[in-house]
Structures are given as C-alpha cells and as structure tokens.
Amino acid sequence: KQEVTQIPAALSVPEGENLVLNCSFTDSAIYNLQWFRQDPGKGLTSLLLIQSSQREQTSGRLNASLDKSSGRSTLYIAASQPGDSATYLCAPCRGAGSYQLTFGKGTKLSVIP
Amino acid sequence: GAVVSQHPSRVICKSGTSVKIECRSLDFQATTMFWYRQFPKQSLMLMATSNEGSKATYEQGVEKDKFLINHASLTLSTLTVTSAHPEDSSFYICSAIASGLRETQYFGPGTRLLVL
C-alpha cells in the first residue's frame with residue numbers, strides 16, 4: 001500500500017523567499033506524480049504533473065522534481081508571494097489503467113507579507 | 001480548462017437522514033470519477049472509483065451500502081450517504097478524468113457535510 005509523507009507539515013516564510021517542499025512515497029512503481037494546491041475549505045488545483053520518466057517539470061515560479069527510484073519529489077517555489085499561502089499536496093499515481101492517486105497530509109504554507 | 005462542479009457545496013442534516021452529493025464534469029466527458037473524503041487536517045482518502053455504466057469499486061473499509069455511488073452518464077456521478085451519522089461529517093471531494101486525457105484528474109470544489 002502506497003504511503004505518502006510530506007515534510008514539513010507547516011512552513012512560514014517571509015515574502016520573497018525561495019522554498020522547498022518535500023514529498024516521499026513508499027512504492028516507487030508509480031505512473032506519474034502530481035502536486036496540488038488546496039485553499040482552506042476548497043477543492044484541489046493541479047499545479048504540476050511529472051511523468052515517471054521525467055526528472056522535473058516547471059511552471060512559472062514552480063519547479064517540481066522527481067526521483068522515482070528513491071521515492072522522492074520536491075516542489076520548489078521561487079520568490080514566494082502571500083498568494084502562495086495554501087496547503088500543498090503531493091500525490092503519486094498508482095498506474096495506467098487505475099489512475100488512482102494517494103495523497104499525503106500536505107504542507108501548509110504561510111507567506112508573510 | 002476542464003471544470004468539475006459539486007452540489008451542494010455545504011449541507012447540514014439530522015442524524016439518520018440520507019444526503020445526495022452530485023459531481024458534474026461541465027465541459028468534458030468523464031469515463032471515470034473518483035470520490036474522496038477528507039477529515040480536518042488529514043489527507044484526502046479515496047473512497048471509491050466510479051466508471052460510467054458500471055458498479056463502483058470501493059476501497060477497503062468503505063461500506064458500499066452506506067455510500068451509494070451512481071455514475072449514470074459521462075458527466076454525472078452521485079454519492080449518497082445513507083442514514084448519515086455525526087461521524088460521517090467530513091469534506092467530500094470528487095474528481096474526474098477526461099476521456100482521452102487520462103493522466104490528469106480534475107477536482108471539484110468539495111462538499112462540506114455536517115451531520116447533527
């Protein structure tokens with residue numbers, strides 16, 4: 001059974017700082033991995049999707065890396081802004097055919113103006 | 001972009017009543033939809049996978065007779081919480097996979113259920 005751990009559980013940084021969120025998963029046989037953002041009481045917004053054959057994916061100020069063999073992924077946020085404050089969730093995908101995601105508890109990010 | 005809606009966004013009900021939550025893909029056809037449950041400060045837990053026209057596949061520990069799922073069309077799946085109890089109070093979120101774009105799940109905004 002896939003287990004996903006996200007560290008740290010919470011993070012508070014001043015505006016403008018670069019930061020890294022960590023995700024580890026126990027079963028490296030994944031199809032892809034997604035990073036999501038969740039605002040309080042809201043649904044999920046997909047940020048980045050990394051295929052199992054890829055090492056990293058970039059979108060704007062976000063960069064996600066994947067080391068499938070070691071079961072790790074990181075989300076790098078450059079020049080953080082108060083609007084980045086949210087909970088960030090990592091979710092590896094079980095495999096083609098099922099497309100089921102397993103979620104970590106997330107990292108709650110607060111960017112202080 | 002692909003949009004998934006849920007209705008209602010929030011519901012309060014008395015213990016013992018049944019509650020139906022709808023999940024709709026607004027601008028695409030979804031052959032597969034997923035239902036998740038999220039308790040406060042916890043991760044999203046997959047409850048069931050719903051495929052259009054067939055019975056849902058439930059995760060271990062999820063009672064299929066309590067959480068009825070119907071995926072009658074390519075744009076609509078419903079989750080009915082039968083005889084709801086306070087411990088069923090949670091945030092229920094659905095997601096959908098677009099036919100032909102099977103890698104990305106699009107999530108609904110969630111439904112907050114409070115059972116008194």
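When reading the values below, keep in mind they use all heavy atoms of this one structure, side chains included, and skip hydrogens, waters and symmetry mates. Order of the sequence lines fixes the chain letters, A, B, ..., with proteins taken first and strands second; residue numbering starts at 1 for each chain.
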Query raised in the report: Applying salt bridge (charged side-chain N to carboxylate O under 4.0 Å, His left out), which residue pairs with at least one partner in residues 3-21 of chain A are found, sequence neighbours left out?
Result: none
Query raised in the report: For B:Glu59, is it the side chain, the backbone, both, or neither that has a heavy atom closer than 4.5 Å to a heavy atom of chain A?
Result: side chain
Query raised in the report: Does NE2 in B:His85 sit with more than 12 non-hydrogen atoms of other residues, nucleotides or ligands closer than 6.0 Å?
Result: yes
Requested in this report: With side chain to side chain donor-acceptor pair (under 3.5 Å) as the test, would you mind laying out the steps for B:Trp35 and B:Thr49 before giving the verdict?
Outcome: CA-CA 7 Å; B:Trp35 285 96; B:Thr49 302; over 6 Å; no
Query raised in the report: Given that the side chain runs from C-beta out, which part of B:Leu44 has a heavy atom under 4.5 Å from chain A: side chain, backbone, both or neither?
Result: both
Query raised in the report: So which part of A:Leu44 gets closer than 4.5 Å to some heavy atom of chain B, the side chain, the backbone, both or neither?
Result: both
Query raised in the report: Is chain B contacted by the side chain of A:Gln38, its backbone, both, or neither, given a heavy-atom distance below 4.5 Å?
Result: side chain
Query raised in the report: What do the steps show when you test A:Ser73 against A:Trp35 for side-chain contact (heavy atoms from CB on, under 4.5 Å), and what is the final call?
Result: CA-CA 9 Å; A:Ser73 177; A:Trp35 281 92; 3.0 Å; yes
Query raised in the report: Does a side chain donor of either A:Thr74 or A:Asn22 reach within less than 3.5 Å of an acceptor in the other side chain?
Result: no
Query raised in the report: chain A heavy atoms under 4.5 Å from B:Gln38: which part of the residue, side chain, backbone, both or neither?
Result: side chain
